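What follows is a single structure, written as structure tokens, with notes after it.
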Amino acid sequence: MTVPRISYGVGQPWGNAVITSIDVVGAAVSDVAIPPTLLQYKNSQVVAYYDADRTLTIADRNIGGLVWNYRKLDSSAKWDSHNYVDLGFDKSGKLHVAGNMHASPLQYWIIDLSNDEFRPVKVNALFDSQAELKITYPRFIRSSDGSLVFTYRNGSSGDGDFVAVIWDAPEQRHKLVSEGPLIDGGGKRNAYLDSNAPILGPDGLWHLLWVWRDSPDAESTHTINYACSQDLVAWRSGDGRPLNRPITLNEQSVVDPVPMGHGLINNNVRLGFMPDHRPVALYHKRDASGSQQLWSAVFEDSSWIIRQVTNWNFAWNFQGQGSLDFKIEIGVPLTTTYGLSVDVRLNEEVQTYLFDADLTLVSAEVAVLWGPLNRSTRSDGLIDRCEAARGWLAEDDSREWFISYASVPEQRDQRPKSDIPTSHPLSIIGISGSQGNCSP
């Protein structure tokens, strides 16, 4: 099914809001599916993307301003969709940039955006350059005291560890959050986390949700796990039992012991919270007939209660390696007054699932046209896509800005075989009114 392309302009609706501005940042690479990043910090907007020449580019401006400042970094993209870029600010207001890594050496820079003459400083090592040769999935988070924490996978698919380091501002260097990795694959597997984890929950705790994978083959994904912590150092299971450090494969953290080859995959294991702060896992796996189904797991009393949510007649087999064009996509679960809401895409149809306080499915309706998972296919083979701005501080999240771009579908990290555009304009869209969604 091909979704018709949706045009948009200033004054037109965007979800249940109205578009107030559209500002072109520049031309971005489009023959590889690498999303740009839009981060807001106080009065600044920063965009990280690969330009038409495939060069990693950092653009910044005052929010709503017309003038962009550009910095080109010594790094360029090929056709690997893993090589996204993440951004974060330390306590002094300096920007940290990490990206273009897939089981490859560290690519990390520090930039002072307040000084136009400041040249990006390349960070050659976090703490041990010889141990940082296979890094993937960079992510910056802000700790409870405002410190900058950097997380990543060290190793490869099926053989890697989840590591967290913290930026020591006075000493101008990174330190391990705790001795060794947070999650240790033991040389036999690696943890794939919810892409937003660690997540600071409404209860003030940090939460992890992850699956294990024993090889680069996506079908080797298995076993959903959960842990929570007050300080990112000491972790415990859902029932409060302390977990060993580093966390390894063990029964204490298990949410659902899904075996390999049963339809579980990383990127589609999502963590949410009920109104009473109970953690919820949403994911898909196969039922007894082999069809994929959406499942939920919520911790009640002393155990995880697992429920099948859907009755789909749909098979999706995703053996092999490389970035997949997902036929099922689970959005970020949102806490509502009465329960939980989540958008789910099955092929090209997106539905909004509403759950009550007991995590019973109340309704499943076609999502609004501007929902975050809708995909709009163009006649030139590109897909119109959108990403919401991320606020570094809590007060930054109140602004409504989105980044609009286009790219090919995921190609298992291979160069596209067809003749498609290699670049496309990247724009920042400003809206006003009620809470907006992410797709035009």
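Here the structure is a predicted model, which means the values were calculated and not measured. Numbers here simply count residues along the sequence, with the first being 1.
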For Pro138, does its backbone N or O pair with a side-chain atom of Tyr84 as donor and acceptor, under 3.5 Å?
yes
According to the interplanar angle, ranging from 0 to 90°, do the rings of Tyr353 and Phe355 count as parallel (below 30°), tilted (30 to 60°) or perpendicular (above 60°)?
parallel
Hits for salt bridge (Lys or Arg N to Asp or Glu O under 4.0 Å) against Arg189, two or more places apart or cross-chain, chain-then-number order -> Asp214
One pair to check against side-chain contact (heavy atoms from CB on, under 4.5 Å): Ser44 and Asp60. What are the steps and the verdict?
CA-CA 7 Å; Ser44 297; Asp60 73 279; 5.7 Å; no
Any salt bridge linking Lys134 with Asp159? Criterion: basic side-chain nitrogen under 4.0 Å from a carboxylate oxygen.
no
Going through the checks in order, is the side chain to side chain donor-acceptor pair (under 3.5 Å) test met by Arg390 and Thr37?
CA-CA 8 Å; Arg390 178 183 171 199; Thr37 300; over 6 Å; no
Hey, could you give me each pair passing salt bridge (charged side-chain N to carboxylate O under 4.0 Å, His left out) that has a residue in residues 13-37? Not counting sequence neighbours.
Asp23-Arg61, Asp31-Arg54
Rounded to the nearest 0.5 Å, how far does OG1 of Thr335 lie from CZ of Arg278?
11.0 Å
Is it the case that more than 12 heavy atoms not belonging to Tyr338 sit under 6.0 Å from its OH atom?
no
Check whether any side-chain heavy atom of Met101 sits under 4.5 Å from a side-chain heavy atom of Tyr152, and report yes or no.
no
I'd like to know if the side chain of Arg345 reaches the main chain of Asn347, judged simply by a donor and an acceptor atom lying under 3.5 Å from each other, with no hydrogens or angles considered.
yes
Looking at Thr310, is its backbone amide N or carbonyl O close enough to the side chain of Gln308 to form a donor-acceptor pair, meaning the two atoms are under 3.5 Å apart?
yes
Could you tell me whether a side-chain N or O of Thr136 sits under 3.5 Å from a main-chain N or O of Ala103, the two making a donor and an acceptor?
yes
Trp316-His284 aromatic ring centre distance below 6.0 Å:
yes
Sub-3.5 Å donor-acceptor pair from the side chain of Glu348 to the main-chain atoms of Leu346, do we have one?
no
CG of Leu393 to OH of Tyr41, rounded to nearest 0.5 Å, is 6.0 Å
Between atom CD1 of Ile330 and atom CG of Asp194, what is the distance when rounded to the nearest 0.5 Å?
10.0 Å
Should Trp79 and Gln414 count as side-chain neighbours, where that means a heavy-atom distance under 4.5 Å?
no
For residues Val85 and Leu56, determine if any side-chain heavy atom of one lies less than 4.5 Å from a side-chain heavy atom of the other.
yes
A side-chain contact here means heavy atoms from C-beta on lying under 4.5 Å apart; do Ile265 and Phe326 qualify?
yes
Taking Gln292 for its side chain and Gly263 for its backbone only, find out whether a donor-acceptor pair lies under 3.5 Å.
yes
So, for Trp304 and Tyr226, is the gap between ring centers shorter than 6.0 Å?
yes
Separation between CZ (Phe318) and CG (Asn268), nearest 0.5 Å, reads 8.5 Å
Quiz: residues 356-367 side-chain donor-acceptor pairs under 3.5 angstrom, not counting sequence neighbours:
residue: Asp356; atom: OD1; partner: Asp358; partner atom: N; Å: 2.9
residue: Asp356; atom: OD1; partner: Leu359; partner atom: N; Å: 3.2
residue: Asp356; atom: OD1; partner: Thr360; partner atom: N; Å: 2.9

Can a donor-acceptor pair be found, under 3.5 Å and without considering hydrogens, that links the side chain of Asp86 to the backbone of Phe140?
yes
Does a sphere of radius 6.0 Å around CG in Asp145 hold more than 12 heavy atoms from other residues, nucleotides or ligands, not counting ones at 6.0 Å or beyond?
yes
Whether the side chain of Asp53 engages the backbone of Thr55 through a donor-acceptor N/O pair (distance < 3.5 Å, no angle test) should be reported.
no
Quick check: closest heavy atoms across Arg236 and Leu205, and the distance to 0.1 Å?
NH2-CD1, 3.5 Å
Are more than 12 heavy atoms from other residues, nucleotides or ligands located less than 6.0 Å from atom CG of Asp276?
yes
Worked verdict on Leu87 versus Ile58 for side-chain contact (heavy atoms from CB on, under 4.5 Å)
CA-CA 10 Å; Leu87 306 169; Ile58 305 299; 4.2 Å; yes
Cation-pi geometry met for Arg153 and Tyr137 (6.0 Å, 45°)
no
Taking the six-membered ring for Trp, are Tyr108 and Phe150 closer than 6.0 Å centroid to centroid?
yes
Indicate the atoms forming the closest heavy-atom contact of His222 with Val258, along with that distance.
CB-O, 3.1 Å
Passes side-chain contact (heavy atoms from CB on, under 4.5 Å), Val32 versus Lys78? Steps please.
CA-CA 8 Å; Val32 58; Lys78 293 186 178 179; over 6 Å; no
Please find the pair of heavy atoms, one from Ser81 and one from Asp413, that lie closest to each other, and give the distance.
N-OD1, 3.0 Å
I'd like to check Leu426 versus Pro36 (side-chain heavy atoms, cut-off strictly below 4.5 Å). Are they in contact?
yes
Any chance the side chains of Ser195 and Arg270 put a donor and an acceptor closer than 3.5 Å?
yes
Decide yes or no for Val47 and Trp68: does some side-chain heavy atom of the first lie under 4.5 Å from some side-chain heavy atom of the second?
yes
So which atom in Ala406 and which in Arg378 form the shortest heavy-atom distance, rounded to 0.1 Å?
CB-CD, 4.2 Å
Verify the distance criterion only: is there a donor paired with an acceptor across the side chains of Gln107 and Ser75 at less than 3.5 Å?
yes
Could you measure the distance from the CD1 atom of Ile247 to the CG atom of Asn225? Nearest 0.5 Å is fine.
9.0 Å
Are any side-chain N or O atoms of Thr20 and backbone N or O atoms of Gly430, one a donor and one an acceptor, separated by less than 3.5 Å?
yes
Does one side chain, of Ser229 or Asp231, offer a donor that lies under 3.5 Å from an acceptor on the other?
yes
Between Leu271 and Asn196, is there a side-chain heavy-atom distance shorter than 4.5 Å?
no
Within the 3.5 Å criterion, strictly below it, is a donor on His424 or Ser407 matched to an acceptor on the partner's side chain?
no
Looking at Ser76, is its backbone amide N or carbonyl O close enough to the side chain of Asn100 to form a donor-acceptor pair, meaning the two atoms are under 3.5 Å apart?
yes
Salt bridge check: are Asp239 and Arg241 linked by an N-O gap of less than 4.0 Å?
yes
What verdict does the side chain to side chain donor-acceptor pair (under 3.5 Å) test give for Ser30 and Tyr405, after you've listed the backbone C-alpha separation in whole Å, the side-chain angles of each residue and the deciding distance to 0.1 Å?
CA-CA 8 Å; Ser30 60; Tyr405 68 106; over 6 Å; no
Check Thr337 against Pro275 and note the closest heavy-atom contact, atom names and distance.
O-CG, 3.9 Å
Could you go through Ser323 and His82, starting from their C-alpha distance and side-chain angles, then the distance that decides it, and tell me whether this counts as side-chain contact (heavy atoms from CB on, under 4.5 Å)?
CA-CA 7 Å; Ser323 299; His82 292 82; 3.2 Å; yes
Flag side-chain contact, heavy atom, 4.5 Å: Ser253 against Trp210:
yes
Of all the heavy-atom pairs spanning Arg385 and Ala33, show the shortest one and how long it is.
NH2-CB, 4.2 Å
Are Tyr50 and Asn83 linked by a side-chain donor-acceptor pair shorter than 3.5 Å?
no
